[in-house]
Each structure stands twice: as structure tokens, then as C-alpha cells.
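Take a look at the structure below.
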Amino acid sequence: MSTARLAARRRARGLGARLLAAQLLVVLAGALTAWLVAAAVGPKLFHDHLRRAGHAAAAAEARHAEEAFRSANAISLSVALLAALACALVVSLYVTRRVGRSVGTVADAASDVAAGHYDARVRPSGLGAEFDQLAGAFNEMADRLQSMETTRRRLLADLAHEMRTPVATLSAYLEGIEDGVARFDADTAAVLQAQTTRLSRLSEDISAVSRAEEQLLEPHPRPVAPAELVGVAVTSAADRYAAKGVHLLADLPADLPAVQGDPDRLGQVLGNLLDNALRHTPAGGTVTLRARTHLHELDLTVSDTGEGIPAEHLPHVFERFYRVDAARDRTSGGSGIGLAISKAITQAHGGRITAVSDGPGRGASFTIRLPAP
């Protein structure tokens with residue numbers, strides 16, 4: 001058993017002993033008080049009753065009766081107090097063991113979490129709402145720590161995987177140039193530049209998603225019209241769509257309500273969604289950016305006629321580095337972080353983002369839903 005767990009057990013036993021001692025002191029104080037009160041009040045009351053009954057205060061019968069009362073009172077009170085003390089001791093031992101065991105369980109679980117074992121959990125003790133709330137709060141904390149640790153490990157593994165290809169390419173070309181196997185011509189320079197740009201973009205994307213999830217992007221919200229957001233996004237992506245031969249359409253009615261948001265950050269979200277749709281839509285396909293109102297919310301939807309998303313992948317498309325088709329996305333240069341950034345920025349605006357698809361070959365739609373006045 002670890003030193004931390006041993007210390008936690010000692011603390012739990014120490015708490016149980018202190019609780020038991022406190023309860024015994026209370027019982028003893030109550031017993032002593034009862035004894036003193038009975039000894040001081042009982043004989044006087046009995047003597048007054050004898051006097052009212054007409055017995056002389058000095059009569060032998062009265063003295064004998066009072067002595068008998070004192071004796072009987074002392075014996076019965078002593079037996080009653082001893083019985084009460086025994087019962088209180090049993091109950092105190094039971095309660096103390098329950099409380100000490102529950103506190104010890106929490107202390108052991110906390111020691112496990114401190115040692116990096118985030119799967120430690122605490123079961124409700126049944127000692128009341130406060131202990132159950134403590135167990136629930138501890139388990140929730142452990143769940144979050146375990147999730148963060150899992151994300152951290154996956155992030156490090158994904159980073160290593162993402163960096164391996166461009167670093168290996170750079171290393172191979174540089175070694176080839178040093179050994180005279182390869183020449184530093186325009187093609188070689190283009191490859192080196194492309195891999196360097198890929199590493200730079202990966203670094204920028206990691207920084208962006210981290211800042212977005214930690215709410216450090218410092219947005220500057222203002223009332224912004226949906227037509228402005230859609231117009232800027234379509235204009236910015238038009239050349240890339242034309243180069244690939246994909247049709248880009250905008251569909252929004254007039255007089256849509258303005259939303260409170262940072263136009264640059266929301267434009268970044270729409271840009272990510274349009275780039276994602278372009279990568280997954282072949283030449284001759286169509287991508288539509290549509291704006292609609294839904295109750296007191298504004299929906300911005302990017303729909304494509306491309307490859308679609310299998311149902312088993314839909315719950316994961318907003319995770320960092322997740323790719324439905326890893327090989328194709330790496331070839332086209334996607335880092336697998338754009339949708340994670342989009343989700344973080346949308347949530348920072350009080351909205352949410354969803355993805356739907358009818359399956360492979362049937363296109364996909366991504367919808368940003370923002371609160372509108």
C-alpha cells in the first residue's frame with residue numbers, strides 16, 4: 001500500500017476516534033447532569049409529598065421512606081444510566097465506523113487520483129445527502145480529469161503522427177542533397193516549402209484550437225448581419241471553388257435578424273466549413289451556404305453534394321485530428337483541426353454546431369445555430 005494511502009487511512013482512523021470520543025463525552029456529560037439533577041431535586045420533591053400527606057417530618061416512617069426513596073432512586077438511576085451509556089456506546093461505534101469508513105474511502109480515492117489513477121470512483125455511502133453530494137462531486141472531478149488525461153495523450157500521439165510525415169520528408173530531401181543524390185532545384189524547393197508550410201499550419205491550428213477551447217481568443221462581439229457573414233465567406237472562398245470546378249451558392253432571405261458576435265471569428269468558422277466541404281466535394285459538385293431563422297436562433301448551414309459521412313463517424317467529426325478518410329485529407333493538406341476550432345468558436349458565442357449526413361455518397365450538412373434577438 002502506498003504511503004499516501006497509509007496516511008489517508010491514519011487520518012480516517014484519527015477522525016473516527018475523535019468522533020467516538022466526542023460522542024462519549026456528550027453521553028457522559030448527559031449522564032452526570034441527569035444524576036446531579038435527580039439527586040438534588042428528587043429527594044426534596046419526595047419529602048414535600050410526604051409532608052402534604054400528613055406525615056411528620058421527624059417520624060421514623062418518614063425518614064425510612066426517604067432513605068428508601070434515595071436508595072431506590074440511586075440504584076434505578078445508575079442502572080438506567082449504565083444501560084443508556086452502553087446503548088449510546090454501541091450506536092456511537094456504529095456511526096463512527098460508518099463515517100470513518102466513508103471518509104477513508106474518499107481519502108483513498110483522492111490518493112489514487114493524486115497518483116495518476118483517474119479511474120478511481122467513490123460509491124454513495126448512504127449517510128445522507130451531504131455525503132452523497134461529496135461522492136458525486138468527487139466522481140465528476142475524476143471523470144473530467146480522466147477525460148483531460150485521455151485527450152492529452154491522444155493529442156500528443158496525434159501530434160507525433162502528424163509531424164512524422166513532413167519531418168521525414170524534410171529529412172530525406174536534406175540528406176539527399178547533402179549526399180549528392182538529389183539536386184536543390186525548383187521541384188525540391190517546392191516540396192521543402194510545402195512541408196514547412198504544413199508544419200507551420202499545424203502549429204497555428206494547434207494554437208488556435210487551444211486558445212478557442214480555453215476562451216482566450218478575445219472576441220470582439222457586435223451586431224452583425226447574416227448577409228455580411230455569408231457574403232464575406234463566399235467571396236473569400238470563390239477562387240478556390242472555381243479552381244476545383246465546384247459550384248458555390250449562397251441562399252439567404254432578406255431581413256434576417258442580426259446576431260451578436262465577432263464577425264472575424266464567425267467568418268473563420270464559415271471559412272473552415274467551406275474549406276471542409278470543398279475538400280470532400282468532387283469537381284462538378286455543389287456547396288450551398290444557407291441562412292435561416294429558427295424561433296429565436298439563426299441557422300447557418302453549409303451543405304455539399306460530396307462524399308458524405310458514414311453514420312459511425314458523425315459523433316466524432318468535431319474531435320481534434322479526427323478524419324473520416326485520413327489518407328485523402330493528408331494529401332489535400334487538412335490538419336484535422338478545423339472542425340474542432342469551429343466548434344470551440346461557436347460555443348464561445350453561445351451557439352452549437354451539428355453535422356448530418358445520409359451516408360456515403362449522399363453529401364453532408366454542417367449547421368451553426370446562434371442565438372438571435
Side-chain angles (χ1 to χ4, degrees), residues 144 147-148 151-152 155 200-241 248-279 287-304 314-322 334-356 364-373:
R144 292 185 179 182
S147 177
M148 291 174 61
T151 301
R152 183 187 69 83
L155 176 60
S200 177
R201 183 169 59 247
L202 178 62
S203 174
E204 293 173 357
D205 287 346
I206 288 292
S207 176
V209 73
S210 298
R211 290 174 62 83
E213 292 180 349
E214 295 173 6
Q215 299 182 356
L216 297 176
L217 288 177
E218 298 179 359
H220 301 284
R222 64 172 177 82
V224 56
E228 177 184 350
L229 293 173
V230 172
V232 172
V234 170
T235 300
S236 299
D239 291 341
R240 298 192 298 276
Y241 273 74
L248 178 58
L249 304 177
D251 177 15
L252 71 162
D255 300 327
L256 287 175
V259 294
Q260 192 75 14
D262 187 328
D264 294 332
R265 296 302 182 190
L266 293 177
Q268 182 181 359
V269 174
L270 291 177
N272 287 340
L273 295 182
L274 289 175
D275 287 344
N276 181 72
L278 179 62
R279 285 197 299 271
V287 175
T288 304
L289 175 53
R290 181 179 294 105
R292 293 288 188 273
T293 55
H294 177 77
L295 298 177
H296 297 291
E297 295 175 314
L298 173 69
D299 288 353
L300 297 171
T301 302
V302 176
S303 302
D304 63 66
L314 281 173
H316 307 288
V317 294
F318 295 105
E319 297 177 3
R320 294 179 180 183
F321 297 108
Y322 191 87
S335 66
I337 304 180
L339 292 180
I341 296 175
S342 299
K343 179 181 178 181
I345 294 176
T346 302
Q347 290 178 339
H349 282 78
R352 58 189 183 277
I353 184 171
T354 57
V356 296
S365 296
F366 290 80
T367 299
I368 308 165
R369 180 160 290 179
L370 300 170

**L249 vs V287, side-chain contact (heavy atoms from CB on, under 4.5 Å): CA-CA, chis, key distance, verdict** = CA-CA 6 Å; L249 304 177; V287 175; over 6 Å; no

**Message:** Restricting to salt bridge (Lys or Arg N to Asp or Glu O under 4.0 Å), what partner residues turn up for R290, sequence neighbours left out?
**Reply:** D251

**SB check R292 E297 (cutoff 4.0 Å)** = no

**Item:** Considering all heavy atoms, the nearest V234-A250 contact
**Value:** CG2-CB, 4.1 Å

**Asked** So which heavy atom on A291 is nearest to which on P253, and how close?
**Response** O-CD, 3.2 Å

**Request:** Determine whether V259 and V224 make a side-chain contact, defined as any pair of heavy atoms from C-beta on separated by less than 4.5 Å.
**Result:** yes

**Message:** So T367 and I353, do their side chains get closer than 4.5 Å, heavy atoms only?
**Reply:** no

**Request:** Specify the closest pair of heavy atoms between P263 and G261, including all atoms of both residues, with the distance to one decimal.
**Result:** CD-O, 3.3 Å

**Complete:** Interatomic distance, CZ@R352 vs CZ@F318, rounded to 0.5 Å, equals 12.0 Å

**Message:** Give me the atom names and distance for the closest heavy-atom approach of A233 to L289.
**Reply:** CB-CD2, 4.2 Å

**Prompt:** Crowded around R144 CZ? As in, over 12 foreign heavy atoms under 6.0 Å?
**Reply:** no

**Prompt:** So L270 and I368, side-chain contact (heavy atoms from CB on, under 4.5 Å) or not? Walk me through it.
**Reply:** CA-CA 9 Å; L270 291 177; I368 308 165; 3.7 Å; yes

**Item:** Step-by-step side-chain contact (heavy atoms from CB on, under 4.5 Å) determination, H349 to Q260
**Value:** CA-CA 8 Å; H349 282 78; Q260 192 75 14; over 6 Å; no

**Request:** Kindly indicate whether the side chain of L300, heavy atoms from C-beta on, has any atom under 4.5 Å from the side chain of R369.
**Result:** no

**Item:** Heavy-atom pair with the smallest gap, counting every atom of A237 and L248
**Value:** CB-CD2, 4.1 Å

**Request:** Flag the pair P226 / L298 as yes when at least one side-chain heavy-atom distance between them is below 4.5 Å, and no otherwise.
**Result:** yes

**Asked** Are the side chain of D304 and the backbone of A364 linked by a donor-acceptor contact shorter than 3.5 Å?
**Response** yes

**Close side-chain approach of L273 to L339, heavy-atom, < 4.5 Å** = yes

**Criterion side chain to side chain contact (heavy atoms under 4.5 Å, CB included) against V230, the qualifying member of L252, L256, T235** = L252

**Asked** Run the side-chain contact (heavy atoms from CB on, under 4.5 Å) check on V302 and L274 step by step: do they pass?
**Response** CA-CA 7 Å; V302 176; L274 289 175; 3.9 Å; yes

**Request:** Quickly, which of T301, N276, T354 forms a side chain to side chain contact (heavy atoms under 4.5 Å, CB included) with F366? Name it, please.
**Result:** N276

**Prompt:** Going by an N to O cut-off under 4.0 Å, is there a salt bridge joining D262 and R222?
**Reply:** no

**Item:** Residue pair T293 / P257: nearest heavy atoms and the distance that separates them
**Value:** CG2-CD, 3.4 Å

